[in-house]
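All remarks here apply to the structure that follows.
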Amino acid sequence: MYLTVETRIKDALRAHIRRRYEIDVAVPTSRPPKIEMGEIASPVCFELAKRLKRAPRQLAQEIVSELGPIEGVARWEVAGGGYLNAFLDRAAFFNAAIGEFAGRAVRKREPAANAAKVIVEHTNINPNKAAHIGHLRNAALGDTFVRLLRDAGQRVEVQNYLDNTGVQVADVVIGFQHLEKKTPDDVRALAAQPRFDYYCWDLYARVTQFYEEDKSREALRGETLKAIEEDSGPAAEIGHIVAEAIVRCHIRTMERLGVRYDVLPRESDILHLKFWDAAFQLLKERKAIQYAESGKNAGCWVMPLSEDADPTAEDDTKIIVRSNGTVTYVGKDIAYQMWKFGLLGKDFHYRKFHSYPDGHTIWATASDQGEPNAPQFGHGARVFNVIDSRQSYLQRVVMAGLRAVGYNEQADRSVHFSYEMVALTPRCAQEMGYEIPPEDAKKPYVEVSGRKGLGVKADDLLDRLEANARAEVDKRHPDEAEGDRSRIAHSIAIGALRYFLLKYTRNTVIAFDFKDALSFEGETGPYCQYAVVRARNIFRKFVETLPRKDFPESLRAALPAGSVPGIEYGHATPEDLAKFLANPDGNELWELSLIAGSLDWHADSALSAQEPAFVAKYAFQLAQAFNNFYHKHHILSEEDAARKTFLLVLTKTMETNLVRALDLLGIEAPERM
């Protein structure tokens, strides 16, 4: 609701300034530091004063005196040297916020039939070993951004790119062939066993040691990569078995976190369907890449990263095709990015890969015949690539590749949705059984390393969180049914993890710690979930005090399990609302109403800034405000019927918007904790 009123104010001010002063100017707004100064302020008169050579306060007074009525605004004040401060109609805002959450509780905004598609590519775990905690941050960020886009009514396609022909898969293949002497049939049998991804985790670390013992063994990597890319021989067969089995492990892991996908593009299909050949031809025709005749890059196709770059040097060029003919990751990614925008004139075949319990299907690309009823994928208008900040350079090379062949507009609509790594606190690493060198124990965090086998596997982390949550649930609700306690523990564990991963801005390194994440106090997921439980308990107890026939129809919709088609206030009239929210005595309740009605503003800000942490911060702010309200007001013992109704409706408004905020974060609000 706050966003709606803010937009009206911006539009009205901009239109008035254009009409009155014949100047088109952006209208910035902000929240004043104190509620006594209004709810929305704009410094637009300072910019206007520069252009008109007049005093900003004089202009502000002029605008206030001439500006017509704006729906939702009660009055204006000029503050300081020329700020325009809007005071909202409190009762109207409260009523509108109630109507907004009532409508949104029973339906979500659906994208228009002709809406442009937004593609979000996230997770992208190399299919060679178990997922670890760093991958969970990628998935949580990507999934939450998808939820924000869809909540805003946008059409979104979720892609999870599978690098099944890369170095990491090749290294595991080398482990099976040269360390364990396994045949494809041997590996196929292992892949059918539980926790194959854990087996490959350990094998991958052993291969690193295998190389360190004899550097000449790294030559095996090039041979194996070539075999996998050409899809020939036992190495390619083992690579296919490993990648297929590991991807299924990853999907099961991410499903525990509530993360879902629409399509899995395979890197191998980019090669087999000649996507790379088409992109390669374009790059050569536009002279975007050059063949290095000599130097360290001899025999390679390279992309100069500056106009005067020397293709024989390494510093200002990027290898796209190696001297043995294999394509680098970035080369294949240029072709993939072109396909996302529908620029290659080619498409994959598709087959069903996995079905979720609700029937939603994950499709995977195929290089041979696919299923005839497959949806159309790709052809996006905007593309967001959720990849960690360490890949920033390679992402810039991909965009340079698009520009080099003339696709500047598509490069502009490509976004590297970057984030920093996840590490472990020394305490967490020790709890997981890792030996921490004394010099690292004093550091604020311990970096993980898949090649060294150092890190927290995602499923181990989830198991540990669920076990910790279950112990707390068992202590608080020993009489609950087994299944109910398991569901509650799962909700708390996932809420703790997702909130912990999302509350930090994307450019912040996270040091994960079990104790901090699972706390019921402070800025945590369980704290926000518990606020919802408290609100629902108020209604549960209220219903228990009344015979069913006496239960007010105006509050029937406020039951946790009920739908919310609308709310009638019963004893609380519009005059009552104005009285309860009037300053100075009503300022506290008005602040709560304002926070509860501001989810739309925070969600919009999170989308604009591409920063899901804004919604996490809002959820905590609202939970904290509700908990303070809960301790201060004795709602069920309130004797004034009108005030009691108002407090119940305010409680429902806060509960509904907190549930919505948590849902945007991918966090479930359990009935009990």
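Numbers here simply count residues along the sequence, with the first being 1. Because only heavy atoms are used, hydrogens play no part in the values below, and waters and symmetry mates are left out as well, while side chains stay in.
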Derivation and outcome, ring-ring contact (aromatic ring centres under 6.0 Å, His included), residues Trp601 and Tyr618: CA-CA 10 Å; Trp601 187 88; Tyr618 168 80; 9.4 Å; no

Under the 3.5 angstrom rule, does the side chain of Asn164 hit a backbone N or O of Ser268 as a donor-acceptor pair? yes

Using every non-hydrogen atom in the two residues, find where Ile494 and Gly666 come nearest and quote the distance to one decimal. CG2-O, 4.4 Å

For the residue pair Thr165 and Lys332, confirm or rule out a side-chain donor-acceptor distance under 3.5 Å. yes

Taken to the nearest 0.5 Å, the spacing of Ile246 CD1 from Gln168 CD works out to 13.0 Å

Kindly say whether Asp197 contributes a backbone atom to a donor-acceptor pair with the side chain of His250 at under 3.5 angstrom? no

Please walk me through it: do Glu420 and Thr508 pass side chain to side chain donor-acceptor pair (under 3.5 Å)? CA-CA 6 Å; Glu420 289 294 338; Thr508 303; over 6 Å; no

For salt bridge (charged side-chain N to carboxylate O under 4.0 Å, His left out), just list the numbers for Arg147 and Asp151, CA-CA rounded to whole Å, side-chain angles, deciding distance to a tenth of an Å, and then say yes or no. CA-CA 6 Å; Arg147 290 167 184 262; Asp151 186 72; over 6 Å; no

Working note: Thr361 + Tyr356, criterion side-chain contact (heavy atoms from CB on, under 4.5 Å); need CA distance, chi angles, decisive distance, verdict. CA-CA 6 Å; Thr361 298; Tyr356 293 105; over 6 Å; no

If the threshold is 4.0 Å, N to carboxylate O, is there a salt bridge linking Arg195 and Asp463? yes

Are Gln337 and Asn385 linked by a side-chain donor-acceptor pair shorter than 3.5 Å? yes

Given Tyr2 and Asp600, is the side chain to side chain donor-acceptor pair (under 3.5 Å) satisfied, shown in steps? CA-CA 7 Å; Tyr2 186 89; Asp600 58 346; over 6 Å; no

Whether Tyr350 and Phe348 hold their rings parallel, tilted or perpendicular, with breakpoints at 30° and 60°: perpendicular

Whether the Asn160 and Thr123 side chains hold a donor-acceptor pair (N or O, under 3.5 Å, no angle test) is what I'd like checked. no

Indicate whether the side chain of Tyr499 and that of Thr524 have a donor and an acceptor atom separated by less than 3.5 Å. no

Fit a plane to each ring of Phe620 and Tyr527, take the angle between them on a 0 to 90° scale, and name the class: parallel (under 30°), tilted (30 to 60°) or perpendicular (over 60°). tilted

Between Ala366 and Asp269, what is the shortest heavy-atom contact and its length? N-OD2, 3.4 Å

Verify, without hydrogens or angle tests, whether Asn126 (side chain) and Asn128 (backbone) share a donor-acceptor contact under 3.5 angstrom. no

Which atom of Lys503 lies closest to which atom of Lys617, heavy atoms considered: O-CE, 3.4 Å

Quick one: does Arg506's side chain have a donor or acceptor within less than 3.5 Å of a partner on Asp388's backbone? no

Check whether any side-chain N or O of Asp262 sits under 3.5 Å from a backbone N or O of Val158 as a donor-acceptor pair, and report yes or no. yes

Taking atom NE2 of His240 as the centre, does the number of heavy atoms from other residues, nucleotides or ligands within less than 6.0 Å exceed 12? no

Do you know which two heavy atoms are closest between Thr253 and Ala458, and how far apart they sit? CG2-CB, 3.7 Å

Evaluate the salt bridge (charged side-chain N to carboxylate O under 4.0 Å, His left out) criterion for residues Asp277 and Lys346: first the C-alpha distance (whole Å), next the side-chain angles of each, then the deciding distance (0.1 Å), finally the verdict. CA-CA 11 Å; Asp277 289 6; Lys346 291 176 173 287; over 6 Å; no

Can you find a side-chain donor-acceptor pair between Arg390 and Ser418 that sits under 3.5 Å? no

Is the backbone of Ile320 close enough, under 3.5 Å, to the side chain of Thr328 for a donor and an acceptor to pair up by distance? yes

Cation over ring, Arg396 on Tyr393, under 6.0 Å and within 45°? no

If only side-chain N and O atoms count, and only distance matters, is there a donor-acceptor pair under 3.5 Å linking Asn507 with Tyr504? no

Does the pair Glu409 and Arg403 meet the rule for a salt bridge (charged side-chain N to carboxylate O under 4.0 Å, His left out), with working shown? CA-CA 8 Å; Glu409 185 181 343; Arg403 295 186 190 282; over 6 Å; no

How far does OH of Tyr211 sit from CZ of Arg221, to the nearest 0.5 angstrom? 4.5 Å

Rounded to the nearest 0.5 Å, the CG atom of Leu402 sits from the NZ atom of Lys340 at a distance of 10.0 Å

Decide if the gap between the ring center of His354 and the ring center of Tyr261 is smaller than 6.0 angstrom. no

Would the distance check show the side chain of Glu371 and the main-chain N or O of Lys352 forming a donor-acceptor pair, the cut-off being under 3.5 Å? yes

Tell me yes or no: between the side chains of Gln154 and Arg382, is some donor less than 3.5 Å from an acceptor? yes

Heavy-atom pair with the smallest gap, counting every atom of Leu658 and Ala531: CD2-CB, 3.8 Å

Please walk me through it: do Asp459 and Arg464 pass salt bridge (charged side-chain N to carboxylate O under 4.0 Å, His left out)? CA-CA 8 Å; Asp459 282 310; Arg464 179 71 177 272; over 6 Å; no

Just by distance, no angles: are the side chains of Ser608 and Ser605 close enough, under 3.5 Å, to form a donor-acceptor pair? no

So if I apply the salt bridge (charged side-chain N to carboxylate O under 4.0 Å, His left out) rule between Glu157 and each of Arg260, Lys117, Arg150, which one comes out positive? Lys117

In terms of heavy-atom contacts, Val173 and Ile238 come closest through CG2-CG2, 4.0 Å

Which is it for Phe145 and Phe384 under the ring-ring contact (aromatic ring centres under 6.0 Å, His included) test, yes or no, and what are the steps along the way? CA-CA 10 Å; Phe145 193 62; Phe384 292 88; 4.9 Å; yes

Judged by modelled atom types alone, do Gln159 and Tyr336 share a side-chain donor-acceptor pair under 3.5 Å? yes

Show your working on side-chain contact (heavy atoms from CB on, under 4.5 Å) between Gln621 and Ile595 and close with a plain yes or no. CA-CA 8 Å; Gln621 180 188 23; Ile595 294 170; 4.3 Å; yes

How about Asp333 and Tyr161: does a side-chain donor come under 3.5 Å of a side-chain acceptor? no

Side-chain donor/acceptor of His602 to backbone N/O of Leu599, under 3.5 Å: no

Are the side chain of Arg498 and the backbone N or O of Leu257 linked by a donor-acceptor pair below 3.5 Å? yes

Where do Val247 and Leu264 land on the side-chain contact (heavy atoms from CB on, under 4.5 Å) test, with the steps shown first? CA-CA 10 Å; Val247 168; Leu264 308 175; 4.0 Å; yes

Quick check: does any side chain N or O of Arg206 sit under 3.5 Å from a backbone N or O of Trp201, one acting as donor and the other as acceptor? no

Could you walk me through whether Phe512 and Tyr445 pass ring-ring contact (aromatic ring centres under 6.0 Å, His included), step by step? CA-CA 8 Å; Phe512 183 81; Tyr445 57 80; over 10 Å; no

Just by distance, no angles: are the side chains of Asp347 and Trp339 close enough, under 3.5 Å, to form a donor-acceptor pair? yes

Any side-chain donor near an acceptor of the partner, Glu668 and Ser491, under 3.5 Å: yes

Could you tell me if the side chain of Ile510 sits less than 4.5 Å from the side chain of Arg137, heavy atoms only? yes

